[in-house]
Amino acid sequence: MLKVEVKNLFKEYSGRQVLKGITFSVQKGEFFVLLGPNGSGKTTLLKILDLLEEPTSGEVWLNGEPVDYSSSKERVMLRRRIGMVFQQTVLFNMSVLDNVAYPLKVRGERNFEQKVKSVLELVQLKGFERKNALTLSGGEAQRVAIAQALVTEPELLLLDEPTANLDPKNASIVEEVISHINREKEITIIMTTHNVSQVENLADRVAILDGGRMELLGTFQEIFRSPSPNKNLAMDNIFHGVSRITNEGTSIIDIGDGMHIEAAFKRVGNVTIHVPPEDIILSKYPLISSARNTFEGTITQITDIGHIVRLRVKVMSSKDFIVQVTKRSFNEMQLNIGSKVYIAFKASSVQAN
């Protein structure tokens, strides 16, 4: 298995710093999660660890040896020890078996059918071998991509939000698979996510990134359950409150100052919740929506990060929500500091710890 060390890493694109002095280490067999909003640098960091991108400055060490990014031969050899699963699944127009076997064929392996069948059984796709990969559902396709990464028996597995946009069933299968291989095969895993509950359920340790900087590093308990006054600086839309179950089977969470949030889960007592910024709808006019949570607020901060604009919206004069919109939507709505807006999000978007 691989030990990963990242030392004072910087990455710059066209004069814009995406990573700013990132330093951390991941032990052999550890499940390490990078948590943070879009634009925080998580995916760029994974690409550098996968040797697809070269850092502007700083170093990456694998098993005590520095990576020479200038040596294409070394990069090829090291990448053979690393598996990578991107958020956007790309499969070939051929059978599931051939897709999963592709990296083995590239390496010159011939007797691979049993190995492919074993890994497909692991991701619960036994019997899918002859199906065309392009006919699969999104969740099935993601499981094929994970099988493709695992079939080479990597020492380090990199996962870029592997359950994003998956239905609960497929997300649960993916979580079960990656947890299993980490425990049973002791594969070192580094995963990015927005999902706080995944961090609690899967991670040995978590690093919170924001604006290209590493703000916090520790266990879930240390970051989210300790009384540290800085623990929420880098993570958007985290609220603490008291939950009760409604007659409809949902939960109402009182987060203080007279504000209540409805969630699809059932929970009683103290709870920490998270609302992903990309799940929040924003409008200049009152929303007609099936979303259970709708609030009026005022824009207090605008951050332009390329094709995305992040807005800080103050609701009820006390609670801040970070909302993410496209640059086009921002321009069309003609938003400014002080603009009155309406936000809405579904009960199913509310994640609990």
Side-chain angles (χ1 to χ4, degrees), residues 35-40 87 138 161 163-168 171 192-200 208 210 224 232 234-267 270-303 305 307-330 332-333 335 339-353:
L35 182 68
N38 285 350
S40 60
Q87 185 176 341
E161 299 192 44
T163 61
N165 305 317
L166 297 189
D167 61 89
T192 71
T193 186
H194 286 91
N195 192 324
V196 176
S197 63
Q198 282 186 339
V199 178
E200 183 177 24
I208 295 183
D210 191 31
F224 292 101
N232 291 333
M235 192 62 205
D236 302 320
N237 304 335
I238 289 182
F239 305 100
H240 308 281
V242 179
S243 178
R244 62 178 175 83
I245 298 175
T246 71
N247 293 331
E248 297 177 341
T250 60
S251 292
I252 298 291
I253 301 99
D254 181 354
I255 62 171
D257 298 324
M259 189 167 178
H260 299 83
I261 291 176
E262 186 167 357
F265 55 75
K266 295 181 180 180
R267 193 73 65 89
N270 293 326
V271 65
T272 299
I273 60 173
H274 170 233
V275 184
E278 62 272 19
D279 285 357
I280 300 177
I281 300 169
L282 181 138
S283 172
K284 288 188 70 174
Y285 307 102
L287 288 154
I288 300 174
S289 170
S290 61
R292 294 298 186 98
N293 300 285
T294 59
F295 305 102
E296 180 181 341
T298 304
I299 295 175
T300 60
Q301 185 181 72
I302 298 172
T303 305
I305 53 173
H307 66 288
I308 295 294
V309 178
R310 289 163 58 78
L311 308 172
R312 184 179 296 276
V313 178
K314 186 171 289 294
V315 174
M316 299 183 70
S317 302
S318 61
K319 303 299 181 183
D320 288 330
F321 283 80
I322 298 299
V323 183
Q324 189 167 289
V325 299
T326 64
K327 177 71 73 64
R328 179 177 177 180
S329 294
F330 175 80
E332 287 177 350
M333 286 188 281
L335 299 174
S339 293
K340 185 172 74 173
V341 293
Y342 297 84
I343 64 172
F345 50 94
K346 295 180 178 180
S348 59
S349 293
V350 181
Q351 302 168 3
N353 64 354

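The structure presented is a predicted model; accordingly, all values stated were derived computationally and were not measured.
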Side-chain donor-acceptor pairs of residues 280-287 under 3.5 Å, sequence neighbours excluded:
from	atom 1	to	atom 2	distance (Å)
Ser283	OG	Tyr285	N	3.0
Ser283	OG	Tyr285	O	3.0
Lys284	NZ	Met333	O	3.2

So, taking the atom named CZ in Phe330 and the one named CD1 in Ile308, what distance separates them when rounded to the nearest 0.5 Å? 12.5 Å
From Glu262 atom CD to Ser348 atom OG, the distance as rounded to the nearest 0.5 Å: 10.5 Å
Evaluate side chain to side chain donor-acceptor pair (under 3.5 Å) for Gln198 paired with Thr163, printing each intermediate quantity in order. CA-CA 10 Å; Gln198 282 186 339; Thr163 61; 2.6 Å; yes
Can you see which heavy atom on Ile245 is nearest to which on Ser251, and at what distance? CG1-OG, 4.1 Å
So do the side chains of Thr326 and Val309 get within less than 4.5 Å of each other, counting heavy atoms only? no
Starting from the C-alpha separation in whole Å, work towards a yes-or-no answer on side chain to side chain donor-acceptor pair (under 3.5 Å) for Thr193 and Glu161. CA-CA 5 Å; Thr193 186; Glu161 299 192 44; 5.8 Å; no
Shortest non-hydrogen contact between Phe345 and Val350, atoms and distance: CE1-CG2, 3.8 Å
Which atoms form the tightest heavy-atom contact between Arg310 and Ile322, and what is the distance? NH2-CG2, 3.5 Å
Provide the closest heavy-atom pair for Ala344 versus Ala291 in the form atom of the first, atom of the second, distance. CB-CB, 4.1 Å
Note, Phe239 side chain near Ile261 side chain (heavy atom, < 4.5 Å): yes
The criterion is side-chain contact (heavy atoms from CB on, under 4.5 Å); which residues satisfy it with Thr300, sequence neighbours excluded? Arg312, Lys314
Pairwise distance NZ(Lys319) to CZ(Phe321) - rounded to 0.5 angstrom: 9.0 Å
Grab the two heavy atoms, one from Pro276 and one from Asn237, that are nearest each other, plus how far apart they are. C-ND2, 4.3 Å
Side chain proximity check, Ser339 to Ile299, heavy atoms < 4.5 angstrom: yes
Could you pull out all residues at least two apart from Ser349 that satisfy side-chain contact (heavy atoms from CB on, under 4.5 Å)? Asp279, Lys346
The residue among Met259, Arg244, His260 that forms side chain to side chain contact (heavy atoms under 4.5 Å, CB included) with Asp254 is His260
Between Leu335 and Val341, is any pair of side-chain heavy atoms under 4.5 Å apart? yes
Could you go through Ile238 and Ile273, starting from their C-alpha distance and side-chain angles, then the distance that decides it, and tell me whether this counts as side chain to side chain contact (heavy atoms under 4.5 Å, CB included)? CA-CA 6 Å; Ile238 289 182; Ile273 60 173; over 6 Å; no
So how far is it from Thr298 OG1 to Leu311 CG, rounded to the nearest 0.5 Å? 12.0 Å
To the closest 0.5 Å, what do you measure between CD1 (Ile252) and CD1 (Ile255)? 11.5 Å
Nearest heavy-atom pair of Ile253 and Ala263: which atoms, and what distance? CD1-CB, 3.7 Å
